Visitor: 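My structure is below; once you've seen it, I'll send some questions.
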Amino acid sequence: MLFWLLALLILCGFLWNYKRQLKIADITDKYIFITGCDTGFGNLAARTFDKKGFHVIAACLTESGSTALKAETSERLHTVLLDVTDPENVKRTAQWVKNQVGEKGLWGLINNAGILGVLAPTDWLTVEDYREPIEVNLFGLINVTLNMLPLVKKARGRVINVSSIGGRLAFGGGGYAPSKYAVEGFNDSLRRDMKAFGVHVACIEPGLFKTGLADPVKTAEKKLAIWNHLSPDIRQQYGEGYIEKCLSKLKGSKSFMNVDLSLVVECMDHALTSLFPKTRYAAGKDAKTFWIPLSHMPAVLQDFLLLKQKVELANPRAV
């Protein structure tokens, strides 16, 4: 009996693995649109999918990013300048994409554009510190999706939203985690709404990666700028040595970051080309072994482990 049970488990594992490897046909007929292609995940994705034979439309924020990308890719790839926070820009871009793809529609929409914003204790911040990452990471993503959705429905294609482990577990104060939590909610409702149309919606949750978005130097500079404008009361509560210890921790975080950006692009690739794509993808060792498992743990354990990494305040009872 035990032998047959083991054999059944092995067979199920084989079939599951085989199912995941089945791919779509006619990649060269399909169009995909990617946001945030100046650098990082989006840039590598645009170059990778161009080499695979997709018709890639890569949205860049800057002219320099667009020029550099075109220099490294084939004539199939087109770039367009896009600020996802500008509704008119998004609308014009969607119309331009519609003219490009024609009756084929848009097979893939990869919402990758995003910013980190300020990472700092909540009582240091103003509502404006929250606004920018929420405008880019959430409202920008939603607006691009709503404008491109008719084209994706026409192709019965795929929508891929790049969220973050910050959408499963808030690791710092600021607008980044709230924006990514909201992206997860939007992704889930969109996935269910699009099922009847044959559109598959996937969410990618990268861990901490060495990209321009997570540059410790820029993060430290933003944090220091806010510290320098804090009221004397708050600085007394945290202590004058607090900021130096924080900056030291940030510089040391480089050693814990994933450096292989292709781990995220491989998730995009599977979500785009598999006959049986997953609904969620965790990318990076830290996401798979720490952040995602921790997000399922009791809050008391989450708080204990995350608070251990924070710098201790000098006098939190000071008024």
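These numbers were taken from a predicted model, which means no experiment stands behind them.
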Visitor: More than 12 non-hydrogen atoms from neighbouring residues, nucleotides or ligands closer than 6.0 Å to CD on Glu72, yes or no?
Guide: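 Atom CD in Glu72 is crowded, with more than 12 foreign heavy atoms closer than 6.0 Å.
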Visitor: Would you check if there is a donor-acceptor pair between the side chains of Ser163 and Glu184 at a distance under 3.5 Å?
Guide: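 Yes - a donor-acceptor pair under 3.5 Å links their side chains.
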Visitor: Looking only at atom types and distance, does a side-chain atom of Lys70 sit under 3.5 Å from a main-chain N or O of Thr79, one as donor and one as acceptor?
Guide: no
Visitor: One pair to check against side-chain contact (heavy atoms from CB on, under 4.5 Å): Met194 and Val159. What are the steps and the verdict?
Guide: CA-CA 10 Å; Met194 290 299 104; Val159 178; 5.8 Å; no
Visitor: Taking it one step at a time, do Glu240 and Arg235 satisfy side-chain contact (heavy atoms from CB on, under 4.5 Å)?
Guide: CA-CA 7 Å; Glu240 289 302 322; Arg235 290 179 66 142; 3.1 Å; yes
Visitor: Enter the distance from Arg76:CZ to Phe49:CZ here, rounded to the nearest 0.5 Å.
Guide: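 Between Arg76 CZ and Phe49 CZ, I get 13.0 Å after rounding to 0.5 Å.
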Visitor: Any side-chain heavy atom of Asn112 sitting closer than 4.5 Å to one from Met268?
Guide: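 Yes - at least one pair of side-chain heavy atoms lies under 4.5 Å apart.
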Visitor: Starting at CZ of Phe186, measure out to OG1 of Thr145 and round the result to the nearest 0.5 Å.
Guide: 4.5 Å
Visitor: Does Val300 share a hydrophobic cluster with Leu305, counting links as ILVMFWY side-chain heavy atoms below 4.5 Å and allowing steps through other members?
Guide: no
Visitor: Could you tell me whether the side chain of Asn111 and the main chain of Val144 form a donor-acceptor pair under 3.5 Å?
Guide: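 Not a single qualifying donor-acceptor pair exists.
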Visitor: Does any part of the side chain of Leu190, heavy atoms only, come nearer than 4.5 Å to the side chain of Asn161, both counted from C-beta?
Guide: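 Yes, their side chains come closer than 4.5 Å.
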Visitor: So do Val101 and Val97 actually touch side chain to side chain, heavy atoms under 4.5 Å?
Guide: yes
Visitor: Which value, rounded to the nearest 0.5 Å, describes the distance between Tyr130 atom OH and Ser179 atom OG?
Guide: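 It comes to 11.5 Å.
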Visitor: Give a yes or no answer on whether the side chain of Asp260 reaches the backbone of Ser262 with a donor-acceptor pair at less than 3.5 Å.
Guide: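 Side chain of Asp260 to backbone of Ser262: a pair is present.
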Visitor: Can you hop from Val90 to Leu141 via hydrophobic side chains spaced under 4.5 Å?
Guide: yes
Visitor: With heavy-atom distances below 4.5 Å as the criterion, would you say the side chains of Arg156 and Phe197 are in contact?
Guide: no
Visitor: Quick check: does any side chain N or O of Asp129 sit under 3.5 Å from a backbone N or O of Thr126, one acting as donor and the other as acceptor?
Guide: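 Answer holds: yes.
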Visitor: What is the distance from atom CG of Leu169 to atom OG of Ser164, rounded to the nearest 0.5 Å?
Guide: 10.0 Å
Visitor: Salt bridge check, Glu221 against Lys218: does any charged N sit closer than 4.0 Å to a carboxylate O?
Guide: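 Looking at Lys218 and Glu221, the cut-off is not met.
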Visitor: Which pair of non-hydrogen atoms, one from Lys180 and one from Val162, has the smallest distance, and what is that distance?
Guide: NZ-O, 3.1 Å
Visitor: Under the side chain to side chain donor-acceptor pair (under 3.5 Å) criterion, do Gln95 and Asn99 qualify, and how do the steps go?
Guide: CA-CA 6 Å; Gln95 183 58 52; Asn99 295 337; 3.3 Å; yes
Visitor: Would you kindly confirm whether Val84 and Trp96 end up in one hydrophobic cluster when ILVMFWY residues are joined by side chain heavy atoms under 4.5 Å apart?
Guide: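 Shared cluster, yes.
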Visitor: Go through it in stages, so that I can follow the logic: the residues are Phe33 and Thr93, the test is side-chain contact (heavy atoms from CB on, under 4.5 Å), and I'd like the CA-CA distance, side-chain angles, deciding distance and then a yes or no.
Guide: CA-CA 11 Å; Phe33 181 83; Thr93 300; 3.9 Å; yes
Visitor: How many angstroms lie between CG in Asn43 and OG1 in Thr48, if you round to the nearest 0.5 Å?
Guide: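 Reported to 0.5 Å precision, the distance equals 9.0 Å.
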Visitor: Does any part of the side chain of Phe54, heavy atoms only, come nearer than 4.5 Å to the side chain of Thr273, both counted from C-beta?
Guide: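 They are in contact (side-chain heavy atoms under 4.5 Å apart), so the answer is yes.
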Visitor: Is the shortest side-chain N to carboxylate O distance from Asp303 to Lys310 below 4.0 Å?
Guide: no
Visitor: Any non-hydrogen side-chain atom of Asn143 less than 4.5 Å from a side-chain atom of Pro87?
Guide: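 Yes, their side chains come closer than 4.5 Å.
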Visitor: Given side chains that start at C-beta, do those of Ile24 and Leu275 come closer than 4.5 Å, heavy atoms only?
Guide: yes
Visitor: Would you please indicate yes or no on a ring centroid separation below 6.0 angstrom for Tyr238 and Trp124?
Guide: yes
Visitor: Is any side-chain heavy atom of Leu272 closer than 4.5 Å to one of Ile32?
Guide: yes
Visitor: Salt-bridge test for Glu205 and Arg280: reply yes if a basic N is under 4.0 Å from a carboxylate O, no otherwise.
Guide: yes
Visitor: Could you tell me whether a side-chain N or O of Asn137 sits under 3.5 Å from a main-chain N or O of Ile115, the two making a donor and an acceptor?
Guide: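 Yes, because the side chain of Asn137 sits within donor-acceptor range (under 3.5 Å) of the backbone of Ile115.
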Visitor: Are the side chain of Asp38 and the backbone of Cys60 linked by a donor-acceptor contact shorter than 3.5 Å?
Guide: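 Flag not set: sc Asp38 to bb Cys60 has no pair under 3.5 Å.
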Visitor: Kindly write out the residues that satisfy ring pair (Phe, Tyr, Trp, His ring centres under 6.0 Å) with Tyr176, not counting sequence neighbours, or none if the list is empty.
Guide: none
Visitor: Taking all atoms of both residues into account, what is the closest heavy-atom pair of Gly207 and Ile165, and its distance?
Guide: CA-CG1, 3.8 Å
Visitor: Kindly give the heavy-atom pair with the smallest separation between Pro178 and Gly174, and that separation in Å.
Guide: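 Smallest heavy-atom distance, with atoms named: CD-O, 3.1 Å.
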Visitor: Can His55 and His78 be said to form a side-chain contact (heavy atoms from CB on, under 4.5 Å), step by step?
Guide: CA-CA 8 Å; His55 292 274; His78 294 278; over 6 Å; no
Visitor: Taking only Lys NZ, Arg NE, NH1 and NH2, and the carboxylate oxygens of Asp or Glu, determine whether Arg47 and Asp50 approach each other closer than 4.0 Å.
Guide: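 Here Arg47 does not pair with Asp50 in a salt bridge, since their nearest N and O are not under 4.0 Å apart.
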Visitor: Keeping Asn315 on the side-chain end and Gln237 on the backbone end, is there a donor-acceptor pair under 3.5 Å?
Guide: no
Visitor: Side-chain heavy atoms nearer than 4.5 Å, only ILVMFWY residues, links allowed to pass through others: does that put Val56 and Leu81 together?
Guide: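 No; Leu81 is not reachable from Val56 via cluster members.
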Visitor: Check the surroundings of atom NE2 in His296: do more than 12 heavy atoms from other residues, nucleotides or ligands lie under 6.0 Å from it?
Guide: yes
Visitor: Backbone N or O of Ala25 within a donor-acceptor pair of the Lys30 side chain at under 3.5 Å?
Guide: yes
Visitor: Looking only at non-hydrogen atoms, find the nearest pair between Lys104 and Tyr31 and report the distance.
Guide: CD-CE1, 3.9 Å
Visitor: Which residues satisfy the ring pair (Phe, Tyr, Trp, His ring centres under 6.0 Å) test with Phe209, sequence neighbours excluded?
Guide: Phe41
Visitor: Identify the heavy atoms of Asn187 and Cys203 that sit nearest to each other, and give their distance.
Guide: ND2-CB, 3.4 Å
Visitor: Taking all non-hydrogen atoms of both residues into account, name the closest pair between Ala282 and Ala287 and its distance.
Guide: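 Taking every non-hydrogen atom into account, CB-CB, 4.4 Å.
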Visitor: Let me check something: do Tyr181 and Leu138 share a hydrophobic cluster, defined by ILVMFWY side-chain heavy atoms less than 4.5 Å apart, either directly or through other members?
Guide: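 Shared cluster, no.
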Visitor: Keeping the roles fixed (side chain from His270, backbone from Glu266), state whether a donor-acceptor pair exists under 3.5 Å.
Guide: no
Visitor: Is a side-chain donor or acceptor of Arg191 paired with a backbone partner of Ala202 at a separation under 3.5 angstrom?
Guide: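 No; zero donor-acceptor contacts below 3.5 Å.
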Visitor: Going by side-chain contact (heavy atoms from CB on, under 4.5 Å), name the residues that satisfy it together with Leu119, two or more places apart in sequence or in a different chain.
Guide: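 For Leu119 the side-chain contact (heavy atoms from CB on, under 4.5 Å) partners, ignoring immediate neighbours, are Leu116, Phe171, Thr219.
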